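Reviewing the structure listed below.
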Amino acid sequence: MQISPGDKPLAAALVWLRRDLRAHDHAALHHARRAARQVWCAFVFDRDILAELPRADRRVEFIHESLVDLDSQLRALGRRHGVEGVGLIVRQGSARSELPRLADALHVQAVYANADYEPAAKARDARVRGALAELGIAFHAGKDQVVFDTDELLTATGKPYAVFTPYRNAWLRKLEPWWVQAYPVEHHAAALAPLPPGEAGGVPGLASLGFEPTNLAALKLEGGTTGGRSLLADFLDERIDRYGTARDFPAVKGPSYLGVHLRFGTLSARELARAAWDRARGGSRGAEVWLSELVWREFYQQLLHHHPRVVEDSFRPEYDRIRWEHGNKAGAAFAAWCEGRTGYPLVDAAMAQINQTGYMHNRLRMVTASFLCKDLGIDWRWGERYFAEKLNDFELASNNGGWQWASSSGCDAQPWFRIFNPVSQSERFDPQGRFIRRYLPQLARLPDAALHAPWTARPLDLAEAGVVLGRDYPEPIVQHEAARAKTLERYAVVRSAKASR
């Protein structure tokens with residue numbers, strides 16, 4: 001997308017913002033401003049996506065806040081370079097038609113965007129590219145949301161990696177300062193164009209979009225680059241060196257909490273990787289572990305790009321031979337899992353967390369996913385869809401990869417015979433029950449020893465805590481050891497499929 005000094009500059013270009021809601025370290029903005037004398041920035045509230053969402057959706061509110069912050073950034077950037085009236089153009093409708101219509105009205109010669117690797121996004125972009133071509137407008141989309149693009153890391157035989165550790169090793173070997181340097185925006189900010197005549201600019205209110213406020217403010221989840229930088233500074237200043245150990249305990253402020261900002265691009269993948277790499281080279285074990293987590297995200301992104309079939313099918317085809325539970329019984333068990341009524345406190349507290357906040361601690365994502373697939377025998381796709389509806393930081397690649405990892409059907413997944421024990425996980429990672437007590441206050445007065453498995457509590461402890469099982473808190477909907485045996489039997493078809501090869 002870069003132009004050489006001998007290339008003739010474009011008269012005007014449009015930057016189409018999607019999951020890159022920032023005005024710094026931005027590949028598409030950088031390339032557009034270098035290529036054109038005038039540049040506008042636009043975002044489309046895509047009705048093809050929004051129509052399927054509930055009217056109170058934290059992600060829509062987060063995007064809305066981020067766009068308000070981005071509009072402010074663009075205006076300030078323009079003023080610093082003597083250009084008044086700069087701002088964000090916002091449209092509503094189907095992006096497939098709205099974006100070409102806007103590009104045509106602005107008489108631009110090119111549209112610049114940052115690549116999105118999800119199959120639906122690729123299909124949308126192909127439609128937009130075709131519509132723009134009919135108008136004589138070029139469409140450029142390139143790498144931004146990852147450090148290494150889909151084909152920049154391949155095996156010695158030229159194939160995509162299917163195992164994480166070799167991928168991570170290759171990723172780290174290839175990493176040099178050049179790969180994580182920022183795409184400068186400020187240098188070419190004079191190319192920002194004032195809003196065109198008749199364009200008021202600004203971001204429409206949530207109500208005009210057909211949405212209503214959520215509990216985002218109460219959760220203190222601030223959108224935009226402003227919110228992202230505040231979280232990043234807090235993490236780097238206070239917690240990153242302890243990340244390697246603290247991240248596993250849900251009652252501890254251990255994670256970075258930056259997933260939603262990475263998802264919507266209010267911070268860039270490069271600046272996060274650069275921060276982690278710099279600290280890791282300084283000897284921080286926590287930073288090294290955090291960098292590895294960022295690499296996991298890119299591993300799943302390239303996996304989705306090269307194997308889009310994983311959206312519907314298991315990465316390992318033999319795992320699609322598993323006969324999952326079905327019918328009314330499975331439906332009732334799934335509803336209990338969704339609503340946090342399984343009778344296993346750590347699982348139920350984790351589901352309360354995602355339902356109330358749109359966030360779930362990473363350790364608990366593994367525990368709840370394992371419980372659904374290997375204790376309840378329910379298809380991983382059901383859980384994947386539920387997380388997709390609820391998670392603020394939902395990314396198809398990571399969500400799909402995580403669920404296939406937990407169900408053992410994905411690449412480099414946990415072995416099929418490894419089954420998390422929800423009680424021992426609770427005792428190990430929430431030993432004092434602080435997390436459980438926060439989300440299951442009805443159990444708060446139980447002693448620590450009884451909190452992880454209330455059905456084993458002494459009648460006296462239950463009475464003193466005011467807990468009646470079946471009334472205040474459910475009995476377990478499944479016995480773990482019996483479920484484990486059934487799961488090993490269910491997964492035997494995988495073993496037989498491997499043996500017959």
Side-chain angles (χ1 to χ4, degrees), residues 10-24 26-50 60 62-81 83-114 116 121 124-125 127-129 131-132 135 137-141 144 185 188-211 223-225 264-266:
L10 302 175
L14 174 65
V15 175
W16 179 19
L17 300 156
R18 293 98 71 89
R19 47 179 301 170
D20 44 12
L21 307 182
R22 63 186 185 279
H24 71 282
H26 195 290
L29 279 169
H30 170 78
H31 294 310
R33 287 168 182 171
R34 289 192 65 213
R37 288 191 291 267
Q38 282 194 313
V39 175
W40 290 282
C41 297
F43 180 87
V44 179
F45 278 103
D46 196 339
R47 290 294 171 189
D48 295 338
I49 298 172
L50 299 182
V60 176
F62 184 89
I63 291 170
H64 182 268
E65 283 190 9
S66 298
L67 291 174
V68 171
D69 188 58
L70 174 57
D71 183 56
S72 177
Q73 293 174 50
L74 291 172
R75 292 175 186 274
L77 195 57
R79 286 194 298 270
R80 286 201 299 273
H81 290 267
V83 185
E84 293 295 334
V86 170
L88 181 66
I89 299 173
V90 179
R91 290 286 185 270
Q92 300 181 48
S94 172
R96 293 177 296 179
S97 55
E98 285 297 326
L99 198 284
R101 186 179 298 123
L102 175 61
D104 189 37
L106 293 173
H107 305 294
V108 301
Q109 286 79 54
V111 170
Y112 287 79
N114 291 317
D116 193 328
R124 174 203 61 201
D125 288 358
R127 292 281 296 273
V128 170
R129 184 187 297 275
L132 289 171
L135 298 169
I137 301 171
F139 181 65
H140 303 291
D144 182 77
V185 170
H188 308 283
L192 283 171
L195 291 166
E199 182 71 49
V203 183
L206 271 178
S208 69
L209 297 169
F211 288 84
T225 298
F264 293 110
T266 57

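Below, each value reflects all heavy atoms present in this structure, side chains not excepted, and no hydrogens, waters or symmetry copies. Quick caveat: nothing in here was measured; it's all calculated off a predicted structure.
The nearest pair of heavy atoms linking P196 to W40 is CD-NE1, 3.5 Å. Taking every heavy atom of both residues into account, V128 and A95 meet most closely at CG2-O, 3.9 Å. The two residues D144 and A27 have their closest heavy-atom pair at OD1-N, 3.0 Å. Annotation for L74 and A23: closest pair CD2-CB, 4.1 Å, computed over non-hydrogen atoms. Pairing each heavy atom of A28 with each of A113, the nearest pair is CB-C, 3.8 Å. Smallest separation of non-hydrogen atoms from A103 and L132: CB-CD2, 3.8 Å.
Under the 4.5 Å side-chain criterion, counting only non-hydrogen atoms from C-beta, F211 is in contact with L50. Counting only heavy atoms from C-beta outward, the side chains of R124 and D48 never approach each other to under 4.5 Å.
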Step by step, work out the side-chain contact (heavy atoms from CB on, under 4.5 Å) result for T266 and F62.
CA-CA 10 Å; T266 57; F62 184 89; 4.3 Å; yes
Determine, step by step, whether L99 and L14 satisfy the side-chain contact (heavy atoms from CB on, under 4.5 Å) criterion, reporting the C-alpha distance in whole Å, the side-chain angles of both residues, the deciding distance to 0.1 Å, and the verdict.
CA-CA 10 Å; L99 198 284; L14 174 65; 4.0 Å; yes
If you apply the rule side-chain contact (heavy atoms from CB on, under 4.5 Å), what do you find for W16 with L102, and how did you get there?
CA-CA 10 Å; W16 179 19; L102 175 61; over 6 Å; no
Are E65 and L206 close enough, and set up right, to give a side-chain contact (heavy atoms from CB on, under 4.5 Å), and what steps lead you there?
CA-CA 10 Å; E65 283 190 9; L206 271 178; over 6 Å; no
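Annotation: the span from R96 atom CZ to R101 atom CZ amounts to 12.0 Å, rounded to 0.5 Å. Atoms CD1 and NE2, from I137 and H107 in turn, are 9.5 Å apart once rounded to the nearest 0.5 Å. Taking CG of N114 as the reference point, atom CG of D20 lies at 4.5 Å (rounded to 0.5 Å). Taken to the nearest 0.5 Å, the CZ atom of R37 stands 8.0 Å off from the CD atom of Q109. In this structure, C41 SG and L17 CG are separated by 5.5 Å, a value rounded to the nearest 0.5 Å. A distance of 12.5 Å separates OG in S72 from CG in L67, rounded to the nearest 0.5 Å.
Counted by atom type alone, R22 and Q73 present zero donor-acceptor pairs between their side chains at under 3.5 Å.
Residues R18 and D116 are not paired through a salt bridge, judged by the lack of any N-O separation under 4.0 Å between the basic side chain and the carboxylate. D125 has no carboxylate O lying under 4.0 Å from a charged side-chain N of R129, or vice versa, which leaves the two without a salt bridge.
Below 30°, between 30° and 60°, or above 60°: for Y112 and H140 the angle between ring planes is between 30° and 60°, a tilted geometry.
Between the S66 side chain and the G224 main chain, a donor and an acceptor come within less than 3.5 Å of each other. Side-chain N or O atoms of D69 include one that pairs as donor or acceptor with a backbone N or O of T225 at under 3.5 Å. Judged purely by atom type and a 3.5 angstrom limit, D71 has no side-chain atom pairing as donor or acceptor with the backbone of G87. Proximity of a side-chain donor or acceptor of H31 to a complementary backbone N or O of A141 within less than 3.5 Å is not detected.
In this structure, R127 places its CZ atom where only 12 or fewer heavy-atom neighbours from other residues, nucleotides or ligands lie under 6.0 Å away.
With H30 as reference, R34 is the one residue of H26, R34, R33 to meet the side-chain contact (heavy atoms from CB on, under 4.5 Å) rule.
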